[in-house]
Amino acid sequence: MSLIVQKFGGSSVKNAERIRHVAEIIERTYQAGNDVIVVLSAQGDTTDDLIERAQEINPRPSNREMDMLLSVGEQISISLCAMELERRGLRCVSLAGWQAGVQTSAVYGEARIKRIDAERIQSELDQRRIVLVAGFQGIDRTGNITTLGRGGSDTSAVALAATFHASLCQIFTDVDGVYTTDPRLVPNAKKLSEITYDEMLELASQGAQVLHNRSVELAKKFHVNLQVVSSLEDKPGTTIKEVTKVEKTNIAGVVKDSSIARIALVGLQNNPGVAFQVFDLLSKGNINVDVILQSIGRENTKDITFTVHKKDVDQAVELLDEHKTALKFDHINTDEHIGKVSIVGMGLMSNCGVAARMFEALYEAGINIQMINTSEIRVSVLLDEADVDKAVRAIHAKFFDET
Ligand code: ASP
Ligand code: MG
């Protein structure tokens with residue numbers, strides 16, 4: 001007998017009809033003789049609605065109370081789904097994160113799973129119960145409820161799959177797999193039958209909405225057999241694994257991110273330690289920095305330009321301004337109307353012509369590149385926000401229509 005973890009996203013459980021459908025998938029898996037752990041997200045827009053309700057009461061609620069509130073969404077899903085399984089005469093039990101033994105760090109709103117105490121879930125599985133676990137939540141050392149960050153249910157599922165050595169972890173969504181780019185933007189985007197953990201991780205961190213990036217990190221670390229499949233149609237999805245069969249000469253996908261902003265510190269002194277001071281300050285303020293560019297020094301000054309998430313701009317500027325005397329810069333520039341487009345693929349490692357093709361596509365489309373940033377298997381460009389969609393289409397056409 002094998003153990004399968006099945007995770008269903010918010011749209012897959014948004015109403016009674018969809019819950020019935022999900023229950024059918026679970027029942028089929030269970031009746032085939034498998035042990036089943038189910039992880040659910042909050043129904044539909046529940047999490048957003050809860051955030052709105054909090055805002056009506058207090059525009060700056062504490063992170064602790066936010067986690068207390070948001071954890072409710074997933075508990076609604078698991079109890080309702082368990083009721084449907086009961087109605088079908090199946091043995092099952094729903095468990096909140098803390099009941100399921102999901103131990104996390106003590107960072108509200110962005111907690112990390114540290115370990116899962118297997119005892120409770122194991123004893124339920126031993127009694128042939130289907131175990132439904134609330135995704136996105138856990139409990140910290142002192143017994144407070146924590147959440148894992150938006151989209152975190154994927155990570156709950158993969159962590160459970162790793163802990164219980166599941167033979168398969170299926171992430172059910174309303175798309176039927178991972179595509180070469182967003183099919184809503186490029187209708188002839190192709191579905192990938194498989195993709196490596198590294199490629200998926202880059203896509204997820206560069207803006208692809210399919211999987212929580214931490215879930216892919218965990219899957220890679222613990223060799224979890226991970227699949228993205230449709231909850232609507234019964235057809236093969238995308239498998240995420242260490243090595244894919246085909247030697248890729250092409251890229252795996254094109255992805256965009258419009259949630260970034262650019263900050264430029266102009267007229268910094270051209271001395272050792274300046275970059276350290278700037279980014280140490282930002283990191284202590286918990287502000288994540290992505291692309292960094294430093295200009296060539298002139299007349300003993302230099303500029304440092306970098307990107308942050310749009311939500312962090314005000315805080316970053318405030319922080320830098322507060323330390324203006326110590327950092328000795330002339331002024332700060334910000335631009336919130338930028339976006340990032342990236343290509344990702346193992347093929348980039350061995351083929352330097354790939355980046356050139358991307359730039360060629362942008363040149364032909366008349367799009368100006370503001371900054372470039374690369375990793376082993378990724379090339380990202382920063383563009384005017386208005387050019388982002390056009391850039392994705394041009395690059396996708398270059399790599400997938402011309403081959
Ligand atoms: N319900 C949470 C969210 O909307 C977690 C999740 O769906 O994975 O972000
Ligand atoms: Mg999600």
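Since we're looking at a predicted model, the values are computed, not measured. Whatever order the structure lists them in is the order used to number ligands and atoms, beginning at 1.
- The contact shell of ligand 1, taken as protein residues with any non-hydrogen atom closer than 4.0 angstrom, comprises S41, A42, T47, E74, F136, R150, G151, G152, S153.
- Listed by chain and residue number, R64, Y108, D140, T142 satisfy the side chain to side chain contact (heavy atoms under 4.5 Å, CB included) test with N144 (two or more places apart in sequence, or in another chain).
- Here D49 does not pair with R53 in a salt bridge; the nearest charged N to carboxylate O distance is not below 4.0 Å.
- Legend: residues meeting side chain to side chain contact (heavy atoms under 4.5 Å, CB included) with K310, ordered by chain and number and at least two apart, are A261, E336, E385.
- Residues in residues 322-378 take part in no ring-ring contact (aromatic ring centres under 6.0 Å, His included) pair, two or more places apart or across chains.
- Annotation: side chain of D198 is in contact with side chain of K220 (closest heavy-atom distance under 4.5 Å).
- Counting heavy atoms of neighbouring residues, nucleotides and ligands inside a 6.0 Å radius, atom CD of E376 does not exceed 12 of them.
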